[in-house]
**Q** 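Before we start, here is the structure in question, set down as structure tokens.
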Amino acid sequence: MAVKVLEGFAGPGGFSEGARMVGLADMLGVEMNADACASARAAGHERLEADIRSLNPGDFPDVSVWASAPPCPTYTQTGKQSGVQDYPIVLEGVARLGDSQANTAHDDAYADTYNLVSDGRTALVLETLKFAFRLPNVRVVVAEQVPPVRGIWEEMAAALAAAYDFESCNVITVRADDLGAATRRIRAFLVATRDYTPDFAGLPMRSWWSCGRFEPPQIRLPNLMSPFPKVSMAQALGWPTGIRINTRGERKTAGGNEFSADGPAVSMTGNGLRAWYRTDLGKPDGLLTYAQAGLLQGFPADYPWTGGHSSKFQRIADTVSPLVGTAVIGAAAGLPWEDAVWGRLEHIYGISRPDRPRYRCVTDTAGSEQFDLFTEVAA
């Protein structure tokens, strides 16, 4: 297929929006969820409704950029974390994929991983490395997951450097509100480039690990400066100050059941998001709409979310923030991306780009809550 960018586990359009924002065209997303495919197509993103495991990477000879966002429920701290318990099994699968590059007898040995893990979704991260190895002309790999998967990304990065001669392989963590999104969602990214070292200048990173064809594994100093403003949930949704959000009804859990909308929203989950409501309005008037939830992630208010009530919120919570997607995929592909982020911030939040102020990371305390903020550095 004549496709330049292939996206696995493409969902409703997070990476797709980000790629389009930096001008990457000829993109095809592979996704098996019908609702997610419908949303993406309605937004102008091409989708192939299929299980990524049923595809042959050799059928995509023109693909130069491979983006992957495998599902995270078994790894996330809000789930049962069976993926964390099965970590050694997945790492063995990574090793078998590495061996397959040198020994065709091991070509599909990694597939046993699906039978060994307690939840088959855990092994889907391996498709990221399989396609990175076997797409005939891939030059750039970008993959997204929750922070507990960093160790798996590091093993894959080492395999790409050792077995496939990628020049630069990086594992970075990026938080959405550091790029202006109104949510504190944090994700770990694998960024690998075959022919050059990407320029991460301007990309705020919470952590940074790297290796490469001529570079041993090392922990690098992350970039904790951001040119982007901190956008509160209230600011993004046009609310007054002082609003509080209830996330768990009357249940009193260790993490609390409310947060202030005067800062970025807490990281979202599909099951939790549909229950959030403004305490000043109560239910049902104070419940979030799909448009409001999408805005927090960095989607336009009119993005075409499709499917049932629960499905819509699940898709919104699961997808890559377009603001993060455009920054990471833009930096990986060597494309200017800051203007695209600012353009989206102006479009969805009405925030115009200032004369390039810089921000530094501090810890802000609001009542009993603490959260990191980037505040403007005085000239």
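Starting from 1, each residue takes its place in the sequence as its number. Hydrogens, waters and symmetry mates are skipped; everything else that's a heavy atom, side chains included, is used.
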**Q** Among all residues two or more places apart in sequence or in another chain, which pass the side chain to side chain donor-acceptor pair (under 3.5 Å) test with Trp209?
**A** none
**Q** Going by atom types alone, do Asn170 and Ser168 pair a side-chain donor with an acceptor below 3.5 Å?
**A** yes
**Q** If you take all heavy atoms of Val341 and Ala327, which pair is closest and at what distance?
**A**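 Residues Val341 and Ala327, closest heavy atoms: CG2-CB, 4.5 Å.
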**Q** Is the backbone N or O of Val30 less than 3.5 Å from a side-chain atom of Arg47, with the two atoms forming a donor-acceptor pair by type?
**A**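 Checked: no pair found.
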**Q** Decide whether Ile243 and Leu237 are clustered together by the hydrophobic rule: side chain heavy atoms of Ile, Leu, Val, Met, Phe, Trp, Tyr closer than 4.5 Å, transitively.
**A** yes
**Q** Got a donor-acceptor contact below 3.5 angstrom from the Asp26 side chain to the Lys4 backbone?
**A**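 Checked: no pair found.
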**Q** For residues 315-330, which residue pairs qualify under salt bridge (Lys or Arg N to Asp or Glu O under 4.0 Å), counting only residues two or more places apart or in two chains?
**A** Arg315-Asp318
**Q** Tell me which pairs pass salt bridge (Lys or Arg N to Asp or Glu O under 4.0 Å) where either residue lies in residues 215-224, with sequence neighbours left out.
**A** Glu215-Arg220
**Q** May I ask you to check whether Trp208 and Phe200 place their ring centers less than 6.0 Å from one another?
**A**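 Yes - the distance between ring centres of Trp208 and Phe200 falls below the 6.0 Å cut-off.
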**Q** So do Val324 and Arg187 actually touch side chain to side chain, heavy atoms under 4.5 Å?
**A** no
**Q** To the closest 0.5 Å, what do you measure between CG (Leu48) and CG (Asp51)?
**A** 10.5 Å
**Q** Say you draw a straight line from OG of Ser118 to CD of Gln85; how long is it, rounded to the nearest 0.5 Å?
**A**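 The distance works out to 6.5 Å.
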**Q** May I ask you to decide if Leu296's main-chain N or O and Thr183's side chain share a donor-acceptor pair within less than 3.5 Å?
**A**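 Checking the backbone N and O of Leu296 against the side chain of Thr183, no donor-acceptor pair under 3.5 Å is found.
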**Q** Please find the pair of heavy atoms, one from Leu126 and one from Val90, that lie closest to each other, and give the distance.
**A** CD2-O, 3.8 Å
**Q** Same cluster or not: Leu295 versus Met21, using hydrophobic residues (I, L, V, M, F, W, Y) connected whenever any side-chain heavy atoms lie under 4.5 Å apart?
**A**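 The answer is no; the residues belong to distinct hydrophobic clusters.
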**Q** Give, for atom CG of Leu135 and atom CG of Asp62, the distance between the pair rounded to the nearest 0.5 Å.
**A**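 The CG atom of Asp62 is 11.0 Å from CG of Leu135, to the nearest 0.5 Å.
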**Q** Show every salt bridge (Lys or Arg N to Asp or Glu O under 4.0 Å) that has at least one partner inside residues 9-21, sequence neighbours left out.
**A** Glu17-Arg20, Glu17-Arg344
**Q** Out of curiosity, does Met32 fall in the hydrophobic cluster containing Phe9 (side-chain heavy atoms, cut-off under 4.5 Å, transitive links)?
**A** no
**Q** Would you check if the side chain of Asp262 reaches a backbone N or O of Gly242 as a donor-acceptor pair within less than 3.5 Å?
**A** yes
**Q** Is the side chain of Glu127 donor-acceptor paired with the backbone N or O of Leu124 at a distance under 3.5 Å, no angle test?
**A** no
**Q** With sequence neighbours excluded, give me every side chain to side chain donor-acceptor pair (under 3.5 Å) pair touching residues 145-155.
**A** none
**Q** Which residue pairs pass the side chain to side chain donor-acceptor pair (under 3.5 Å) test when at least one of the two sits in residues 296-307, sequence neighbours left out?
**A** Ser39-Thr306
**Q** Any link between Val5 and Val22 through a network of hydrophobic side chains (Ile, Leu, Val, Met, Phe, Trp, Tyr) touching at under 4.5 Å?
**A** yes
**Q** Which of these passes side chain to side chain donor-acceptor pair (under 3.5 Å) with Arg206: Thr173, Asn223, Asp178?
**A** Asp178
**Q** When hydrophobic residues are tied together by side-chain contacts of less than 4.5 Å, even through go-betweens, does Ile186 share a cluster with Leu273?
**A** no
**Q** Rounded at 0.5 Å granularity, tell me how far CD in Glu167 sits from CG in Asp195.
**A**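 The CG atom of Asp195 is 7.5 Å from CD of Glu167, to the nearest 0.5 Å.
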**Q** Between Asn246 and Trp276, do the side chains contain an N or O donor and an N or O acceptor separated by less than 3.5 Å?
**A**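 Side chains of Asn246 and Trp276: no pair found under 3.5 Å.
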**Q** Side-chain contact, heavy-atom cut-off 4.5 Å: Tyr87 with Glu92?
**A** no
**Q** Look at the rings of Phe313 and Tyr290 and say which category their plane angle falls in: under 30° parallel, 30 to 60° tilted, over 60° perpendicular.
**A** tilted
**Q** Find the distance between CD (Glu258) and OG1 (Thr247) and round it off to the nearest 0.5 Å.
**A** 8.0 Å
**Q** Given 3.5 Å as the limit, does a donor-acceptor pair link the side chain of Thr326 with the main chain of Leu323, or not?
**A**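 Pair absent, no side-chain N/O of Thr326 close to backbone of Leu323.
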**Q** Would you say the side-chain atoms of Thr122 and Asp86 include a donor-acceptor pair closer than 3.5 Å?
**A**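 Their side chains do not contain a donor-acceptor pair, so the 3.5 Å distance test is not met.
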